[in-house]
Amino acid sequence: MDISDNQEDFSQDELSQDDLYEHHGFTASKGQEPLRVDKFLMNFIENATRNKIQQAAKKGHIWVNGSIVKQNYKVKAGDEVKVMFEHPPYEFLLTPENIPLDIVYEDDVLLVVNKPAGMVVHPGHGNYSGTLINALVYHFENLPNNSSDRPGLVHRIDKDTSGLLVIAKTESAMTHLAQQFFEKTSEREYIALVWGNVEEDEGTIEGHIARNPKNRLQMMVFPDGSDGKEAVTHYKVIERLGYVTLVSCKLETGRTHQIRVHMKYIGHTLFNDERYGGDKILKGTTFTKYKQFVENAFKALPRQALHAKTLGFEHPVTGKFMRFDSELPEDMVNGIEKWRGYAKHHES
């Protein structure tokens, strides 16, 4: 289907991209089979309803390869799909919010914060307030923007992952720190509770990571390197707890959902990771008592069991290597203790 055959009859004013702001932009992957653009966008945009996407299409807000399309346009491999509106994206209309920050360290050029689980790092679709960025722009003036126009942000962790983040307060610190992450000289250790008994005491997981073409809210491993970016995770078993294992994961690269995707790839999905299926009983018995125990463990640890525990980097000014460590948050301690008790009971 040619795009020109699929355009609505919009006025020339509405057809001008110069007056519009891009809210979402996606490129269809090489393996994309023809799919209606409304269904395609639902796979990409979290919290979006089909009705909202269809309304956007009716108003001429969906563009493919530079032209407006109807909702039934079939997206093909290589298509550039954009959602355009007359107002700037809400995530760039940053509202300072007086949200307390757990600051582990601060000086003139940077700070290290311990982010709680449940806090989104930066505003995005469906999360326009209550984020770490909203808190940062309240507490600090003139934070430098990163390449994605996020004030102060050098790296990020997922909403339901807790732990340490370094924030740049100056342009030079942003550049210096970002270079360290790019060159893989920063140090990042995460603690994860995963399903199953991880057989090897330690190992390395390698495999390119890109979006799952069948579920765009998930990432997946492409072991042949046909898609995505290189990703390397080094893991070490800390404690075996029967049907789950406590592991340390050190990142060599920093891809979206890297630990969550890599651990699932080797058969050890993170405990209570809803997006990747870890919120179901993946290992264990069929006894009702066991099911009740796992439900209680889910309640004690109501999110993916992942904490960014250690963060190390070279200070942008002094050149000194700094390493920060954080305690496991209460919910992870509670979840681990439940499994520890279960494992001891069944060993005896």
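Just so you know, these numbers come straight off a predicted model, no measurement behind them.
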### Query
Under a 4.5 Å cut-off applied to non-hydrogen side-chain atoms, are Met119 and Lys159 in contact?
no
### Task
State which residues pass salt bridge (Lys or Arg N to Asp or Glu O under 4.0 Å) with Asp325; sequence neighbours excluded, sorted by chain then number.
Lys309
### Message
Donor-acceptor check, side chain of Asp224 to backbone of Ser226, threshold 3.5 angstrom: yes or no?
### Response
yes
### Query
Are any non-hydrogen side-chain atoms of Asp279 and Asp273 less than 4.5 angstrom apart?
no
### Task
Would you please indicate yes or no on a ring centroid separation below 6.0 angstrom for Tyr105 and Phe324?
yes
### Message
Donor-acceptor pair, distance only, cut-off 3.5 Å: does the side chain of Arg156 make one with the backbone of His122?
### Response
no
### Closest non-hydrogen atom pair between Ser29 and Pro213, with its separation
OG-CB, 4.5 Å
#### Entry: Hphob cluster co-occupancy, Leu306 + Met219, side-chain heavy atoms under 4.5 angstrom
yes
### Asp102 (side chain) donor-acceptor with Pro116 (main chain) under 3.5 angstrom
no
### Query
How are the rings of Tyr342 and Tyr290 set to each other: parallel, tilted or perpendicular (split at 30° and 60°)?
tilted
### Residue pairs, two or more places apart or on separate chains, that pass ring-ring contact (aromatic ring centres under 6.0 Å, His included) and touch residues 194-214
Trp195-Phe271, Trp195-Trp339
### Residue pair Asn197, Tyr243: steps toward the side chain to side chain contact (heavy atoms under 4.5 Å, CB included) verdict
CA-CA 6 Å; Asn197 179 31; Tyr243 296 122; over 6 Å; no
### Query
Can you tell me if NZ on Lys291 sees more than 12 non-hydrogen neighbours from other groups inside 6.0 Å?
no
#### Entry: Pairwise distance CD(Gln258) to OH(Tyr265) - rounded to 0.5 angstrom
13.5 Å
### Query
Within the distance-only criterion (no hydrogens, no angle test), does the side chain of Glu187 pair as donor or acceptor with the backbone N or O of Arg323 below 3.5 angstrom?
no
### Query
Heavy-atom distance under 4.5 Å between the side chains of Leu110 and His315, does that happen here?
yes
### Message
Strictly by ring-ring contact (aromatic ring centres under 6.0 Å, His included), give each pair with a member in residues 138-161 just once, sequence neighbours left out.
### Response
His155-Phe181
### Task
Check the pair Asn272, Gln304 against side chain to side chain donor-acceptor pair (under 3.5 Å), reporting the backbone distance first and the verdict last.
CA-CA 5 Å; Asn272 213 4; Gln304 71 244 13; over 6 Å; no
### Task
For side chain to side chain contact (heavy atoms under 4.5 Å, CB included), just list the numbers for Val64 and Tyr73, CA-CA rounded to whole Å, side-chain angles, deciding distance to a tenth of an Å, and then say yes or no.
CA-CA 9 Å; Val64 177; Tyr73 170 79; 3.6 Å; yes
### Message
Between the side chains of Asp201 and Arg240, is the shortest nitrogen-to-carboxylate-oxygen separation below 4.0 Å, so that they form an ion pair?
### Response
yes
### Message
Apply salt bridge (Lys or Arg N to Asp or Glu O under 4.0 Å) to residues Glu106 and Lys169 and explain how you reach the verdict.
### Response
CA-CA 10 Å; Glu106 182 182 0; Lys169 293 167 74 174; 2.8 Å; yes
### Message
Just so I know, are the side chains of Val104 and Leu164 near enough to count as touching, which here means a heavy-atom distance under 4.5 Å?
### Response
yes
Donor-acceptor contacts, no H, no angles, side chain residues 244-251, under 3.5 Å, sequence neighbours left out:
{"residue": "Thr245", "atom": "OG1", "partner": "Gly196", "partner atom": "O", "Å": "2.6"}
{"residue": "Thr245", "atom": "OG1", "partner": "Val198", "partner atom": "N", "Å": "3.2"}
{"residue": "Ser248", "atom": "OG", "partner": "Glu189", "partner atom": "OE2", "Å": "2.8"}

### Asp331 bridged to Arg303 by N-O distance under 4.0 Å
yes
### Query
Any side-chain heavy atom of Ile53 sitting closer than 4.5 Å to one from Ile62?
yes
#### Entry: Pairwise distance CG(Asn145) to CZ(Arg150) - rounded to 0.5 angstrom
9.5 Å
### Task
Determine, using the 4.5 Å side-chain heavy-atom cutoff (strictly less than), whether Tyr235 and Leu270 are members of one ILVMFWY cluster.
yes
### Query
Is the number of heavy atoms from other residues, nucleotides or ligands under 6.0 Å of Asn98 CG greater than 12?
yes
### Query
Do Val166 and Met174 sit in the same hydrophobic cluster, where Ile, Leu, Val, Met, Phe, Trp and Tyr count as joined when their side-chain heavy atoms come under 4.5 Å apart?
yes
### Query
Between Phe313 and His176, does the ring centroid distance fall short of 6.0 Å?
no
### Task
List, by chain and then residue number, the residues other than Met220 in its hydrophobic cluster (Ile/Leu/Val/Met/Phe/Trp/Tyr, side-chain heavy atoms under 4.5 Å); write none if there are no others.
Phe222
#### Entry: Nearest atoms (heavy-atom pairs only) where Ala343 meets Gly242
CB-N, 4.2 Å
### Task
State whether the side chain of Gln71 and the backbone N or O of Val37 hold a donor-acceptor pair below 3.5 Å, judged by distance alone.
no
### Message
Treating Asn134 as the side-chain partner and Thr131 as the backbone partner, does any N or O pair qualify as donor plus acceptor under 3.5 Å?
### Response
yes
### Query
Is the closest side-chain heavy-atom distance between Leu328 and Ile191 below 4.5 Å?
yes
### Message
Quiz question: by atom type and distance under 3.5 Å, do the side chains of Glu80 and Asn65 form a donor-acceptor pair?
### Response
no
### Message
Please check this pair: side chain of Glu97 against backbone of Gly130, looking for a donor-acceptor N/O pair closer than 3.5 Å.
### Response
yes
### Query
Going by atom types alone, do His307 and Thr161 pair a side-chain donor with an acceptor below 3.5 Å?
no
### Message
Restricting to salt bridge (Lys or Arg N to Asp or Glu O under 4.0 Å), what partner residues turn up for Glu239, sequence neighbours left out?
### Response
Arg340
### Task
Might you confirm whether atom CD of Glu183 has over 12 heavy atoms from other residues, nucleotides or ligands at distances under 6.0 Å?
yes
### Any Asp79 side-chain heavy atom under 4.5 Å of Gln32 side chain
no
### Query
In the single-linkage hydrophobic clustering (I, L, V, M, F, W, Y; side-chain heavy atoms under 4.5 Å), do Phe298 and Tyr276 co-cluster?
no
### Message
Would you say CD of Glu337 has more than 12 non-hydrogen atoms from neighbouring residues, nucleotides or ligands within 6.0 angstrom?
### Response
yes
### Message
Between His234 and Glu252, is there a side-chain donor-acceptor contact under 3.5 Å, judged purely by atom types and distance?
### Response
yes
### Query
Do any N or O atoms from the side chain of Thr233 and from the backbone of Ile205 form a donor-acceptor pair under 3.5 angstrom?
no
### Lys/Arg-Asp/Glu bridge criterion (N-O < 4.0 Å) met for Arg260, Asp158
yes
### Message
Between Met42 and Lys39, is the side chain to side chain contact (heavy atoms under 4.5 Å, CB included) condition met? List the steps.
### Response
CA-CA 5 Å; Met42 275 191 72; Lys39 290 184 177 179; 5.6 Å; no
### Query
Looking only at atom types and distance, does a side-chain atom of Thr253 sit under 3.5 Å from a main-chain N or O of Arg255, one as donor and one as acceptor?
no
### Query
Checking Asp227 side chain against Ala210 main chain: does a donor-acceptor pair fall under 3.5 Å?
no
### Query
After noting the C-alpha distance and the side-chain angles of Ile133 and Leu153, does the key distance pass the side chain to side chain contact (heavy atoms under 4.5 Å, CB included) rule?
CA-CA 8 Å; Ile133 292 288; Leu153 222 56; 4.0 Å; yes
### Query
Are any of the side-chain heavy atoms of Asn334 and Leu301 separated by less than 4.5 Å?
no
### Query
Taking a hydrophobic cluster as the set of Ile, Leu, Val, Met, Phe, Trp and Tyr residues connected by side-chain heavy atoms closer than 4.5 Å, whether directly or through intermediates, do Val154 and Tyr190 fall within one such cluster?
no
